[in-house]
Amino acid sequence: TTQFASGLQLASAFSGTEILPEGLESSQSYWQMTQALIERFRVTNEYDVPKDWSSASYPLAFASLNQAAFFPGLFRDMFQADSKICELLEKLQSIHYRTDGIEIKPVHIGIDINMDVSDCLDLVPTLIYLLPHIQGQHRLTGFQNLIHKESDRLAECCNLLKVFGVPHKMQDNQFFIQGSDHLKVPFSYLEMPDDHRMVMAGALFLRHHYRDWE
């Protein structure tokens, strides 16, 4: 995986050993981030660790549907593929870039979303929460490697959509999700896999629909 390749490259960066990944079909930007980090350390030993867009995607998605929020010190990072959620939030007209961070204001519009997620697979659980609540016919491609994550995230995403009654289907390597800005679901207990991203996606659904439940 990209994580192993990046770890090996970081460990051997100054030993003269070069790691050449083969068959790298997804998450390429993370490999590029590793290369850029190594080059930076060839000229300086200082580095400001950016905010993690994979983690930020959950509150960003929730805020875009529910409440105004400000995320200080969060800036789009060309090397973090999950910052691609910015493109979606721009289409929803809910994101505002400030010099000190990112501001979200929920704006509900109907729009069909088409995304290639091959480079941002960790973003998919967030999208599985967000897209069903946006009016439109949405299509994801490049999702096949989800089966190789901490769980079979492709199957788990489908299970989560099924629990909440979200129309969806897979056809010709395309994942279709029917979104609605009036999605109403009955209360449901969730049994989630030992996979933090799927747990977060489930938590977003529960928080969205049962925020007053105790």
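All residue numbers refer to positions in the sequence shown, counting from 1.
- Side-chain contact between Ser94 and Lys105: absent, with no pair of heavy atoms (C-beta onward) separated by less than 4.5 Å.
- Interatomic distance, CD of Gln144 versus CG of Leu121, reported as 9.0 Å (0.5 Å rounding).
- Connection of Leu89 to Val107 is established within a shared hydrophobic cluster, with ILVMFWY side chains joined at heavy-atom distances below 4.5 Å, either directly or through further cluster members.
- No continuous path of hydrophobic side-chain contacts links Phe70 to Ile95 [ILVMFWY only; heavy atoms under 4.5 Å].
- A distance of 3.5 Å separates CG of Asp82 from OG of Ser54, quoted to the nearest 0.5 Å.
- A donor-acceptor pair under 3.5 Å is absent between the side-chain atoms of Glu103 and the main chain of Phe71, judged by distance alone.
- Here the straight-line distance linking atom CD1 of Ile147 with atom CG of Leu154 works out to 7.5 Å at 0.5 Å rounding.
- For the pair Ala56 and Leu74, the tightest heavy-atom approach, listed with the atom from each and the gap, is CB-CD2, 4.0 Å.
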What side-chain donor-acceptor pairs closer than 3.5 Å can you find for residues 157-168, not counting sequence neighbours?
unit_1: Asn159; atom_1: ND2; unit_2: Ala155; atom_2: O; d: 3.4
unit_1: His168; atom_1: ND1; unit_2: Val166; atom_2: O; d: 2.8

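- Residues Tyr58 and Met200 share a closest heavy-atom pair of CE2-CB, 3.5 Å.
- Looking at every heavy atom in both residues, Leu130 comes nearest to Ser64 through CD1-OG, 3.5 Å.
- Formation of a donor-acceptor pair under 3.5 Å by the Ser83 side chain with backbone atoms of Gln80 is found in this model.
- Leu10 has its side chain within reach of Leu37: a pair of non-hydrogen atoms, C-beta onward, lies under 4.5 Å apart.
- Taken from CD in Glu156 to NZ in Lys149, the straight-line distance is 15.0 Å, to the nearest 0.5 Å.
- Proximity of Leu92 to Ile111: side-chain heavy atoms (C-beta onward) are separated by under 4.5 Å at one or more points.
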(request) Tell me, with the steps shown, if Phe143 and Met170 meet side-chain contact (heavy atoms from CB on, under 4.5 Å). (result) CA-CA 11 Å; Phe143 54 83; Met170 281 184 285; 3.7 Å; yes
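- Hydrophobic clustering of Ile, Leu, Val, Met, Phe, Trp and Tyr side chains at less than 4.5 Å, counting indirect connections, unites Val49 with Ile38.
- Judged as a salt bridge (charged side-chain N to carboxylate O under 4.0 Å, His left out), and not counting sequence neighbours, Arg139 has no contacts.
- Inter-residue side-chain proximity for Thr141 and Asn173 is flagged as unmet; no heavy-atom pair is nearer than 4.5 Å.
- For Asp112, the side-chain contact (heavy atoms from CB on, under 4.5 Å) criterion is met by Gln137, not counting sequence neighbours.
- Residues satisfying the salt bridge (charged side-chain N to carboxylate O under 4.0 Å, His left out) criterion with Arg197, sequence neighbours excluded, are Asp122.
- Listed for the Arg207 side chain is no donor-acceptor partner under 3.5 Å among the backbone atoms of Phe62.
- Every residue was checked against the salt bridge (charged side-chain N to carboxylate O under 4.0 Å, His left out) condition with Asp152, not counting sequence neighbours, and none meets it.
- Ion pairing between a basic and an acidic side chain is recognised when a charged N comes within 4.0 Å of a carboxylate O; Asp195 and Arg153 show such pairing.
- The two atoms that bring Ile177 and Pro132 nearest to each other are CG2-CG, 4.1 Å, heavy atoms only.
- The shortest non-hydrogen separation linking Gln178 to Gly136 is NE2-O, 3.2 Å.
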(message) With side-chain contact (heavy atoms from CB on, under 4.5 Å) as the criterion, how do Ile85 and Ser57 come out once you've worked through the C-alpha distance, each side chain's angles and the decisive distance to 0.1 Å?
(response) CA-CA 7 Å; Ile85 193 175; Ser57 69; 4.1 Å; yes
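- Counting only residues at least two apart or in different chains, ring pair (Phe, Tyr, Trp, His ring centres under 6.0 Å) contacts with residues 86-139 comprise Tyr129-His133, Tyr129-Phe205, Tyr129-His208, His133-Phe205, His133-His208, His133-His209.
- Of all heavy-atom pairs between Trp31 and Ala5, the closest is CZ3-O, 3.4 Å.
- Remark: side-chain polar atoms of Ser55 are not paired, donor with acceptor, to backbone N or O of Asp52 under 3.5 angstrom.
- Two residues are said to be in side-chain contact when any heavy atoms from C-beta on lie closer than 4.5 Å; Asp77 and Trp53 meet this criterion.
- Separating the NZ atom in Lys51 from the CZ atom in Phe75 is a distance of 7.5 Å, to the nearest 0.5 Å.
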(request) Test salt bridge (Lys or Arg N to Asp or Glu O under 4.0 Å) on Glu87 and Arg76 and set out the steps. (result) CA-CA 10 Å; Glu87 298 176 10; Arg76 189 162 186 182; 3.1 Å; yes
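- Lys84 is listed as a side-chain neighbour of Asp116, based on a closest heavy-atom distance under 4.5 Å.
- Between Met198 and Ser151 the shortest side-chain heavy-atom distance falls below 4.5 Å.
- Atom CG of Leu88 sits about 6.5 Å away from atom CG of Leu131, to the nearest 0.5 Å.
- Counting only heavy atoms from C-beta outward, the side chains of Gln67 and Ile104 never approach each other to under 4.5 Å.
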